[in-house]
Amino acid sequence: MTTTYSDPLPGAGDLIAELARRAPRVGANAGVWPGLTIYRFTAPVGPTWEEIQSLSLCIVAQGRKVVTVDGETYKYDPFHYLVLNSHLHFQATILEATQAKPFLSFVLQIDPLVVRQVSSDMVERRTTAFHPRTAEGAAPDPSTFVSALDTELVGAVLRFLSSVETGADRRVLAPMYLREMVYRVLQREQYARLLAIAEAEAASNPVSAVLEHVRAHLHEPLTVADMAEQVSLSPSAFAHLFRDVTGRSPYQFLKEMRLDKARELLVDGQLAVARVSKEVGYSSVSHFIAEFRARFGVTPRAYCDAHSLSRELGSERGGQAAQPRG
């Protein structure tokens, strides 16, 4: 069933409350997550010219808005969302907004590599290649498309917004919920569009190209000079560009990637801690243990044991449920 303004989704009120709390000022309010902007308007506005700098997910929670791109008009209201191309110049008009019921929306810039990784995991774990689901010779998809929001995506958005509040949650949980949002969008009608946009943006972004290389070589020693060489930049120029794009230094980002990969391997439970350390590029096991504990609050062994116990409990519950009654 198509979602309409008079037919709010479960969780709609919670999302409105979250955005209202995070957007105290009229206009754009910067979120604590890089690339997150929350908008509040208390009266109709526009039309104004705006530009999206990167692949973005845009959701309206309250009020109505119209976007005009290349002569095409797209209206969206609660609860609909847009996926927009990078470097897209468009005209926007806020159609419905009052003091009592302000227009509330958020725009989240998404790293195209996250889209590609989630898409690969949907098809086959650890697969890196993907192909958009478009018919050969078909006309290219429009740069903007409106889709109806659903309960699963609303839930993922709420979990993401809650997780960016504190440092530990922002480091551990927010990336997981960001992936969930991408996963929910990829499950719906915009699958091919989202992948095509991500592919085009990644191909033109030197930082994305380096991150692809890093993901495939996490087990090797890597330096900033090694990464810069992949895109024919000096180490200093690359480090500056990398920080502009990601908000972090190449070294810090690389360490986070290594530890996130280590967490995945520990959850699988197939490798010992020392082997996991080598698989993600640490020559010293003690150094790996110290950095893992600093990031996730527990040792790798404790993390692995906790997930092993969860799997055992889940297996026991499944076995009990499968037993016949009577």
Side-chain angles (χ1 to χ4, degrees), residues 111-130 163 167-180 182-183 198 202 205-231 235 238-239 242 245-312 314-315:
D111 184 345
L113 287 178
V114 175
V115 178
R116 300 179 70 179
Q117 186 178 25
V118 173
S119 171
S120 297
D121 289 345
M122 288 170 68
V123 178
E124 183 178 355
R125 187 174 176 82
R126 298 185 181 91
T127 299
T128 56
F130 73 90
S163 69
D169 284 359
R170 186 162 55 248
R171 291 192 302 271
V172 179
L173 297 178
M176 296 169 56
Y177 296 140
L178 174 60
R179 286 171 55 88
E180 182 185 358
V182 171
Y183 171 68
N205 186 338
V207 171
S208 295
V210 168
L211 293 182
E212 288 276 26
H213 174 79
V214 169
R215 289 185 197 280
H217 297 83
L218 278 179
H219 60 287
E220 301 175 5
L222 291 168
T223 65
V224 174
D226 294 330
M227 291 185 272
E229 186 178 354
Q230 294 298 315
V231 289
F238 172 74
F242 194 96
V245 172
T246 68
R248 294 188 285 281
S249 70
Y251 172 77
Q252 181 64 32
F253 202 95
L254 174 60
K255 182 170 75 171
E256 292 175 4
M257 289 179 70
R258 292 191 193 280
L259 294 175
D260 286 342
K261 180 63 176 179
R263 181 177 60 179
E264 290 181 16
L265 294 174
L266 291 167
V267 170
D268 283 346
Q270 302 298 313
L271 302 177
V273 170
R275 177 65 184 278
V276 169
S277 173
K278 289 184 178 180
E279 287 292 320
V280 296
Y282 282 87
S283 58
S284 166
V285 178
S286 60
H287 185 207
F288 165 65
I289 293 172
E291 293 207 330
F292 190 94
R293 186 169 190 170
R295 179 165 171 78
F296 299 115
V298 295
T299 65
R301 171 52 54 198
Y303 192 91
C304 182
D305 289 346
H307 282 273
S308 176
L309 178 60
S310 296
R311 286 194 297 270
E312 290 174 5
S315 177

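Quick caveat, the model's predicted, so the values are computed rather than measured.
- Under the rule for a ring-ring contact (aromatic ring centres under 6.0 Å, His included), the partners of Phe238 that lie at least two apart in sequence or sit in another chain are Phe242.
- The salt bridge (Lys or Arg N to Asp or Glu O under 4.0 Å) test applied to Arg215 returns no partner, not counting sequence neighbours.
- Qualifying ring-ring contact (aromatic ring centres under 6.0 Å, His included) partners for Tyr177, counting only residues two or more places apart in sequence or in other chains: none.
- Under the ring-ring contact (aromatic ring centres under 6.0 Å, His included) criterion, His219 pairs with no residue, sequence neighbours left out.
- When the side-chain contact (heavy atoms from CB on, under 4.5 Å) test is applied to Glu279, the partners found at least two apart in sequence or on another chain are Leu265, Leu271, Arg275.
- Rounding to the nearest 0.5 Å places CG of Leu211 at 9.5 Å from CG of Leu254.
- Pairing each heavy atom of Leu259 with each of Glu291, the nearest pair is CD1-O, 3.7 Å.
- Pairs of residues two or more places apart, or lying in two chains, never qualify as salt bridge (charged side-chain N to carboxylate O under 4.0 Å, His left out) while including a residue from residues 219-229.
- Partners of Ala225 according to the side-chain contact (heavy atoms from CB on, under 4.5 Å) rule, which considers only residues two or more places apart in sequence or in another chain, are Thr223, Pro235.
- Every side chain to side chain donor-acceptor pair (under 3.5 Å) that Arg295 has, sequence neighbours left out, goes to Asp260.
- The shortest heavy-atom contact between Ala262 and Val280 is N-CG1, 3.6 Å.
- The side-chain contact (heavy atoms from CB on, under 4.5 Å) search around Ala302 returns Val298, Thr299, not counting sequence neighbours.
- Ala174 and Ser163 make their closest contact through CA-OG, 3.2 Å (heavy atoms, listed as atom of the first residue, atom of the second, distance).
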For the pair Val214 and Phe253, evaluate side-chain contact (heavy atoms from CB on, under 4.5 Å) and give the outcome as yes or no after the intermediate values. CA-CA 10 Å; Val214 169; Phe253 202 95; over 6 Å; no

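- Phe292 is not listed as a side-chain neighbour of Val273, based on a closest heavy-atom distance of 4.5 Å or more.
- Scanning for salt bridge (Lys or Arg N to Asp or Glu O under 4.0 Å) contacts around Arg293 gives an empty result, with sequence neighbours left out.
- Listed by chain and number, the residues in a side-chain contact (heavy atoms from CB on, under 4.5 Å) with Ser284 are Ser286, His287 (sequence neighbours excluded).
- For the pair Pro250 and Ala239, the tightest heavy-atom approach, listed with the atom from each and the gap, is CG-CA, 3.9 Å.
- Rounded to the nearest 0.5 Å, atoms CZ (Arg258) and OH (Tyr282) are 7.0 Å apart.
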